[in-house]
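Taking it in order: structure first as structure tokens, then the write-up.
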There are 2 protein chains.
Amino acid sequence: MTVERAPEQDLPYDVFSKACPSRGTLEHVTGRWGALTLGALHEGSLRFNELRRRVDGVSEKMLSQTLHALERDGLVLREAQPTNPPRVDYELTPLGHEVAERLLALIRHLEGRMDDVLAARERYDEIRGGR
Amino acid sequence: MTVERAPEQDLPYDVFSKACPSRGTLEHVTGRWGALTLGALHEGSLRFNELRRRVDGVSEKMLSQTLHALERDGLVLREAQPTNPPRVDYELTPLGHEVAERLLALIRHLEGRMDDVLAARERYDEIRGGR
DNA sequence: CCGTATCCGAGATGATACTG
DNA sequence: CAGTATCATCTCGGATACGG
């Protein structure tokens, strides 16, 4: 199949270029933990340890690191309350929600088609797997 | 903001679970090179070296590896013609196109909002950067 | 509760050379 | 052209310990 190539728009940011900063942000968003963190926060604000439980398997270190990167990119808002014990809530910014929606559309679609993916893998492994 | 949590559907695949195979596929799709490869192929079929030029910065090895993973997941079709010199075309399967569309929606949205992201970074670094 | 600091191994990545 | 093989490197990520 050949899809009509969209007329070249000269967008200022092109993720296909090595040097474009959008590539870095895409990696934060789609990275192993970034995607799951955004997905979790799209449902509502969560505290650090709630988030950790929701994103099954993430370590404290990686969650902390992921949150910092997303906060720096303006996708996540960190709200610390000066209480004791400390309470910190994380939530998405409006931009974060826009991004998370598109990410979740991808994730849900993939989840819905996993049977096909798994079937494709079996076929592939049957033919090439023995090698 | 708190969004109403969607009623728990018991989907068979939940990417938030550590053990779910959908998480692995999500990583193939959104990985550093997987996302760009799918994005490039959504416009039409490409040969190996065409792809390599389009996905700026990818090495032969990583492109090869990425293509194998996507082919195995049933997202990419590899068509080799037994000519000399060899000619191999890569294209997306229907499922691959579905996934790529959602991925491109994310990418384009991000590209369109990079000014906001960059501005957020400057604000963040001004406050916390010195530390 | 909410993190940061440090160490260390595994896997990702890149450069180069080589094959059909 | 279309890859594979090998090796060096380097970052990611987990475990642990510690601090506010």
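Everything numeric here is computed off the predicted structure, so don't read it as measured data. In what follows, chains are A, B, ... by sequence order, proteins preceding strands, each numbered from 1.
- At whole-Å resolution of the value, CD in Glu27(B) and C1' in dT13(C) are 16 Å apart.
- In this structure, the CG atom of Leu46(B) is 11 Å from the P atom of dA2(D), given to the nearest Å.
- The CG atom of Leu26(B) sits 6.0 Å away from the CG atom of Leu106(A) when rounded to the nearest 0.5 Å.
- Computed from coordinates, the Arg47(A) CZ to dC1(C) C1' distance equals 7 Å when rounded to whole Å.
- Atom-to-atom, CD of Glu50(A) to C1' of dG3(C) comes out at 16 Å; the value is rounded to the nearest Å.
- For Arg78(B), counting side-chain heavy atoms from C-beta on, the closest listed nucleotide (dC2(C), dT4(C), dG3(D)) is dG3(D).
- Side-chain N/O atoms of Arg113(B) and Thr25(A) include no donor and acceptor closer than 3.5 Å.
- Proximity of Tyr90(B) to the phosphate of dC1(D): no side-chain N or O atom is located under 4.0 Å from OP1 or OP2.
- Taking atom CZ on Arg87(A) and atom P on dG3(C), their separation rounds to 12 Å, with Å as the unit.
- Counting non-hydrogen atoms of other residues, nucleotides and ligands closer than 6.0 Å to CD of Glu50(A) gives a total above 12.
- Taking side-chain N and O atoms only, His68(B) has a distance below 4.0 Å to OP1 or OP2 of dT4(D).
- Taking side-chain N and O atoms only, Asn84(B) has no distance below 4.0 Å to OP1 or OP2 of dC1(D).
- Residues His28(A) and Arg72(A) have side chains not in contact (no heavy-atom distance under 4.5 Å, counting atoms from C-beta outward).
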Exercise. For nucleotides 13-20 of chain D, read 5' to 3', which letter fits each nucleotide if B means a protein heavy atom sits under 4.0 Å from the base, S means only the sugar-phosphate is that close, and - means neither?
Worked result: BBB----B
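- At least one side-chain heavy atom of Pro21(A) sits under 4.5 Å from a side-chain heavy atom of Met114(B).
- Distance CG (Asn49(B)) to C1' (dG3(D)): 9 Å, rounded to an integer number of Å.
- Atom pair Leu67(B):CG and dG3(D):P shows a separation of 8 Å (rounding to whole Å applied).
- Between the CD atom of Glu79(A) and the C1' atom of dC2(C) there is a distance of 16 Å, rounded to whole Å.
- With rounding to the nearest 0.5 angstrom, the CD atom of Glu91(A) is 13.0 Å from the CG atom of Leu75(A).
- Although no hydrogens or angles enter the test, the distance criterion places no donor-acceptor pair under 3.5 Å between the side chain of Ser22(B) and the main chain of Glu111(A).
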